[in-house]
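When a ligand or atom number is given, it counts from 1 through the structure's own listing order. Here the structure is a predicted model, which is why all the values come from computation and not from measurement. FYI, side chains are in, hydrogens and waters are out, and symmetry mates aren't considered; it's all heavy atoms of this structure.
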Amino acid sequence: MSFRHFLNFEGLSPQRIGSFFSKVDQLNFYENIKPNHHIVAHLFFEPSTRTQMSFTMATIRCGAQPLSFPFENSSLKKGETFLDTLLTVQAMGVSAMVVRHGYPESMKDILGVIQIPLINAGEGSSGHPTQALLDVYTILKERGRVEGETVLFVGDVSHSRVAWSNFGLLSLLGAKIGLCSPKEWLPQSKKYKFEYFDTLEDGVKWATVVMALRVQKERHSVIQNFDIKKYQVNGDILKKIKSDAIIMHPAPFNREVEITNDVLNDPRCVIWKQVANGVKVRTVLLKEILKLQ
Ligand code: NCD
């Protein structure tokens with residue numbers, strides 16, 4: 001007898017329950033997993049369009065199955081903690097976890113409790129390493145090299161986890177880093193060497209890569225009242241950007257705030273290539289982590 005509905009235990013014998021539990025005993029999810037039986041959990045505790053969908057694409061492209069977390073409808077609303085949510089998903093038997101969280105350096109806490117592979121998809125304002133991987137891959141493809149490139153970060157630099165992760169990878173690969181930003185948004189770090197530019201015009205004349213950044217309002221504790229237009233990559237600035245330079249933005253961008261429509265339409269702007277490269281970079285990363293190659 002197989003179940004038609006399962007509503008309660010009425011009419012079931014102890015034998016029937018026993019035979020059901022025997023079938024459960026026979027299931028073994030955890031040995032000799034075929035690529036298409038790997039399940040990768042995507043746990044985003046913060047909004048995301050491209051990173052989340054890009055990881056979904058990458059998971060499918062490498063032959064595994066994505067499992068997404070219903071952030072808005074989850075038991076976080078019932079008081080379950082971030083770490084207990086991760087332990088719950090780990091206990092379900094997923095092969096790896098892709099996690100984004102709003103606290104800076106939250107991955108350190110997770111590493112202490114999670115035994116399966118973990119991929120950082122953004123942690124507060126401190127890091128977003130797969131974005132840096134796809135950005136630097138894009139620089140390599142579009143400019144032919146990374147070492148010796150002059151990469152200018154514009155605008156709200158200190159709150160940008162994308163910028164912080166890029167500093168790490170660009171420094172490792174021998175690129176030079178320039179900053180053009182209001183002093184309130186200048187990153188403080190003894191770890192990296194920066195060139196500072198007071199005007200965007202001077203900065204873009206130096207740069208082979210111009211990286212505009214979104215104003216990270218959600219991370220500001222005080223409202224700033226300086227003129228953001230001084231740091232806007234717009235039509236006037238476009239004329240000063242080197243003819244063979246590239247213009248990047250991790251996105252989402254706010255049109256006519258940090259970057260204008262004419263810049264977005266310029267052939268030097270490679271934002272959509274960044275998005276496409278993101279899927280490729282994350283596919284290879286997942287294949288390595290799941291040991292599929
Ligand atoms: C960035 C992020 O979430 O840090 N977006 C992204 O992942 N491409 C940048 C941002 O939100 O400004």
Side-chain angles (χ1 to χ4, degrees), residues 40 42-59 66 68-69 71-72 82 97-107 110 118-139 142 151-170 179-182 184-187 209-221 224 228 231-233 246-260 263-264 269-283 285-286:
V40 179
H42 299 168
L43 294 123
F44 283 68
F45 295 78
E46 258 198 348
S48 172
T49 299
R50 82 217 71 241
T51 306
Q52 186 162 12
M53 295 185 77
S54 178
F55 268 113
T56 304
M57 290 282 291
T59 304
S68 62
F69 165 63
F71 173 61
E72 290 294 345
F82 168 51
M97 272 183 197
V98 176
V99 179
R100 166 173 288 190
H101 200 277
Y103 287 125
E105 303 194 3
S106 39
M107 300 301 141
I110 306 174
L118 172 70
I119 299 172
N120 179 354
E123 48 178 347
S125 53
S126 59
H128 190 354
T130 63
Q131 179 71 38
L133 271 182
L134 76 89
D135 289 338
V136 171
Y137 179 76
T138 304
I139 294 172
E142 299 303 312
V151 185
L152 180 74
F153 292 83
V154 185
D156 188 358
V157 186
S158 62
H159 298 102
S160 169
R161 57 188 171 207
V162 174
W164 283 108
S165 281
N166 266 288
F167 297 160
L169 192 55
L170 289 169
L179 305 176
C180 181
S181 123
E184 293 84 347
W185 290 347
L186 269 182
V209 178
V210 177
M211 174 92 73
L213 298 167
R214 184 176 65 85
V215 179
Q216 310 272 308
K217 283 198 184 118
E218 71 276 26
R219 305 197 197 290
H220 296 168
S221 46
Q224 307 289 0
I228 180 70
Y231 307 94
Q232 185 187 62
V233 184
I246 56 170
I247 303 162
M248 303 176 75
H249 191 308
F253 43 78
N254 286 307
R255 289 177 184 263
E256 307 301 315
V257 180
E258 74 274 9
I259 192 163
T260 58
V263 179
L264 289 162
C269 182
V270 298
I271 293 176
W272 308 121
K273 291 183 179 165
Q274 287 173 262
V275 175
N277 287 335
V279 176
K280 293 171 75 176
V281 162
R282 291 175 176 128
T283 303
L285 182 67
L286 276 174

Per-atom contacts of ligand 1 with V162, taking only distances under 4.0 Å to non-hydrogen atoms: 1 (C), 4 (O), 9 (C)
N or O contact, P252 vs ligand 1, cut-off under 3.5 Å: no
Subset of ligand 1 atoms that lie under 4.0 Å from at least one heavy atom of Q216: 10 (C), 12 (O)
Q131 neighbourhood, listing ligand 1 atoms whose heavy-atom distance to it stays under 4.0 Å: 6 (C), 7 (O), 8 (N)
CG-CZ distance between N166 and F153, expressed to the nearest 0.5 angstrom: 4.0 Å
Where ligand 1 meets T51 - atom numbers and elements under 4.0 angstrom, heavy-atom basis: 6 (C), 7 (O)
H249-E258 side chain donor-acceptor pair, cut-off 3.5 Å: yes
Closest approach of any protein heavy atom to atom 9 (C) of ligand 1, naming residue and atom: A251 O, 3.5 Å
Close approach, E46 and ligand 1, non-hydrogen under 4.0 angstrom: no
Protein contact to atom 11 (O) of ligand 1 [nearest heavy atom, distance to 0.1 Å]: R214 NH2, 2.9 Å
No-hydrogen, no-angle side-chain donor-acceptor test under 3.5 Å, T260 and R255: no
Contacting atoms of ligand 1, where contact means under 4.0 angstrom from a heavy atom of H128: 2 (C), 4 (O), 6 (C), 7 (O)
Parallel, tilted or perpendicular: rings of F55 and F44 (30°, 60°): tilted
P250: numbered ligand 1 atoms lying under 4.0 Å from its heavy atoms: 8 (N)
Distance-only donor-acceptor check, side chains R282 and T130, under 3.5 Å: yes
Side chain proximity check, M211 to V154, heavy atoms < 4.5 angstrom: no
Test item: side-chain donor near acceptor, Q274 and N277, under 3.5 Å: no
Check: S160/H128 side-chain N/O donor and acceptor closer than 3.5 Å: no
N or O pair under 3.5 Å between R161 and ligand 1: yes
